[in-house]
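For reference, the structure is listed below as structure tokens.
We number each residue from 1, following the sequence as shown. Fair warning: this is a prediction, and the values are worked out from it, not measured in the lab.
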Amino acid sequence: MAKKQKKIPVLGSIIKTAIDLRSKISLIDFGRVKNPRKAQEKVLRNILIKASSTHFGDAYNFPELLKEQDLISAYKKAVPTFDYDSLYNAWWHRTLTGEPYVCWPGPIKHFALSSGTSGSSSKYIPITSDMNKQIQKTSIRQIFTLAKYDFPSEMFEKGMLMLGGSTHLQYNGTYYEGDLSGITAGNIPFWFQHYYKPGKRISKERDWQVKLDEIVKNAPNWDLMAIVGVPAWFVILMERIIETYNLKTIHDIWPNLRIFCHGGVSIEPYRKSLNKLFGQPVTFIETYLASEGFLAFQSRPNAPGMELVLDNGIFFEFVPFNYENFDENFNLKPNPKTFTIDEIEEGKEYALLITTCAGAYRYLIGDTVKLVDRKYNEIIITGRTKFFLSICGEHLSVDNMTVAVKKLSDTENVEIPEFCVIGEEYGNMFAHRWFLACDKPLDPNIAAQKIDQCLSEINDDYRVERLEAIRKVTVDVLPTAAFYDYMRKIGKEGAQNKFPRVLRGEKMEHWLNYLKDKR
């Protein structure tokens, strides 16, 4: 009897070969932009040319700007900066009624609803066909970089689970609205349908708990190579799968899982929890896909940051994140001094302004970043402009907070997947109150002491204010479920929603009232 031949992963070999060939088109660093300023000027020029016929382009005289020899300087001088509220109130609100050519040619058919962690409860971000193409093109570019990781050809025959919002979008007479993940998943290329999980039927489900139930039910039917989404919700999903099928790790059901493509928040608070769920090494690849566009992605193994997408539909400006450009409430002041990618310095903190092929102009996206590698134009996200805590000049960033919580987690050998902090009055001075998610015994006093000590070591401003104005640092240790129950209560459960790291004002009051009622 003839010996049975091993099945050759033909499609996987083709994809692998294509990736290898594509990555070798340039012998050094495929995809890296060699002249960042020139690439960015070209992007800006293309955006202004296409938007010249819009009401916004007419108001700021784009045709005349395009005649200027130094286009970038002319653009910055002519067009003011915007945050979401100012751009929406002045321009974007008109597109919701179906009015065409407001900020981009034609009517806007799709709006991404943001999680609203740092401003209004719901933000309507225009998603144009050009932006859809930008996201698809950048996504394909990221897939090609997988050649640098030297995964086996067989892996590319496996599926990819994308845990996102519902593809069953809400129609409001003139437009569709939903999570960006739901909008993009509903427009994935036909050739990717074979790999895409959880598939069209489950992806349409709007109820988050029902969607999770369906994914758990179908998990044994899938052979996955990659998972894509926000870390917190994947921890919850994999814990449920492991419990349901009485497994030791998620690799008992998905033995070929090799990649976790994550974004939205730092992976560090979740790394311990994830590593316990994995039975084999998994490569973590970070992406910077916001509702406003696909801004950056990790393009090579062990990179210190994510490479900015400088030649595909987004023009970047960098605003030094200091009191010269931001007021005490971290609102951007008028006429801030901005820099382009070729002008910024490594290691310094900047807020991002973006101009996009979806009609955003000098738009404060709300993230703060640092350049960590000039050669590759790689950045890390250090926090949100509204998530900085500085009630008396301590200037604590989310990056600082994450480092302190991770160090506490490591020294006490506990998992702390979620946390937040508030600043409050303490007599005639101030106090910091931390809330940590931990399901194992953790002494609040030790936790407060170690967080305080770490922050004093890594942040000079904090150390000074800790001696002068911050008279008390306390910690409340809560079950992890308390954080996710709160997200469910305020309608922010699942998909792209993240728990805010700094709470102030009305959101702080809601959180404190929730904890009071729960207790």
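Annotation for Gln449: atom CD does not count as buried by contact number, only 12 or fewer foreign heavy atoms lying within 6.0 Å. Within 6.0 Å of atom CZ in Phe430, more than 12 heavy atoms from other residues, nucleotides or ligands are found, so the atom counts as buried in its surroundings. Within 6.0 Å of the OH atom in Tyr426, the count of heavy atoms belonging to other residues, nucleotides or ligands does not exceed 12.
For Ser73, the side chain to side chain donor-acceptor pair (under 3.5 Å) criterion is met by Asp70, not counting sequence neighbours. For Asp367, the salt bridge (charged side-chain N to carboxylate O under 4.0 Å, His left out) partners two or more places apart in sequence, or in a different chain, are Arg384. Taking the side chain to side chain donor-acceptor pair (under 3.5 Å) definition, one finds that Glu99 meets it with Arg94, sequence neighbours left out.
Ionic pairing of Arg37 and Glu343 is present here: one or more N-O contacts between side-chain nitrogen and carboxylate oxygen are shorter than 4.0 angstrom. Under the 4.0 Å criterion applied to side-chain N and carboxylate O atoms, Asp327 and Lys333 are not assigned as salt-bridge partners. Salt-bridge check for Asp373 with Arg300: passed, with a basic side-chain N closer than 4.0 Å to an acidic carboxylate O. Residues Arg501 and Glu418 are paired through a salt bridge, judged by an N-O separation under 4.0 Å between the basic side chain and the carboxylate. Between Lys109 and Glu177, none of the side-chain N atoms (NZ, or NE/NH1/NH2) sits under 4.0 Å from a carboxylate O, so this pair counts as no salt bridge.
Between Phe483 and Trp511, the angle of the ring planes lies from 30° to 60°, which puts this pair in the tilted group. Ring geometry for Phe56 against Tyr361 counts as parallel: the plane angle stays under 30°, on a 0 to 90° scale with 60° as the upper cut.
For the residue pair Met306 and Ala296, the shortest heavy atom distance occurs at CB-CB, 3.8 Å. The minimum heavy-atom distance linking Arg504 with Phe388 is given by the pair NH2-O, 2.5 Å. For the residue pair Ala290 and Leu295, the shortest heavy atom distance occurs at CB-CD1, 4.4 Å. A pairwise comparison of heavy atoms in Pro107 and Pro100 identifies N-CB, 3.7 Å as the closest pair. Nearest heavy atom pair, residue Ser409 against residue Lys272, reads O-NZ, 2.9 Å.
Ring centers of Tyr270 and Trp233: at least 6.0 Å apart, outside the cut-off.
The side-chain hydrogen bond (donor to acceptor under 3.5 Å, both in side chains) contacts involving residues 40-61 comprise Lys50-Asp130, where partners must be two or more places apart or lie in separate chains. Here side-chain hydrogen bond (donor to acceptor under 3.5 Å, both in side chains) pairs that include residues 459-475, with residues two or more places apart or in two chains, are His395-Asp461, Asn400-Asn459, Asp452-Tyr462, Asp452-Arg466, Asp460-Arg463.
At least one donor-acceptor pair under 3.5 Å links the side chain of Asn325 to the backbone N or O of Pro320. In this structure, the side chain of Glu509 does not engage the main chain of Lys507 through any donor-acceptor pair within 3.5 Å. Between the side chain of Tyr514 and the backbone N or O of Ala482, at least one donor-acceptor pair lies under 3.5 Å.
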Pair up each side-chain donor or acceptor in residues 348-359 with any protein partner under 3.5 Å, not counting sequence neighbours, and list the distances.
| unit_1 | atom_1 | unit_2 | atom_2 | d |
| --- | --- | --- | --- | --- |
| Lys348 | NZ | Glu345 | OE2 | 3.3 |
| Glu349 | OE2 | Thr382 | OG1 | 2.4 |
| Tyr350 | OH | Glu345 | N | 3.0 |
| Thr355 | OG1 | Tyr75 | OH | 2.7 |
| Thr355 | OG1 | Arg362 | N | 3.1 |
| Thr356 | OG1 | Ala358 | N | 3.1 |

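Contact check for Tyr175 versus His110: no side-chain heavy atoms found under the 4.5 Å cut-off. The side-chain heavy atoms of Leu436 and Leu478, taken from C-beta on, include no pair separated by under 4.5 Å.
In this structure, Arg141 is not positioned above the aromatic face of Phe294 in the sense of NZ or CZ being under 6.0 Å from the six-membered ring centre and within 45° of the axis.
In the model, Thr338 has a side-chain atom that pairs as donor or acceptor with a side-chain atom of Lys76 under 3.5 Å.
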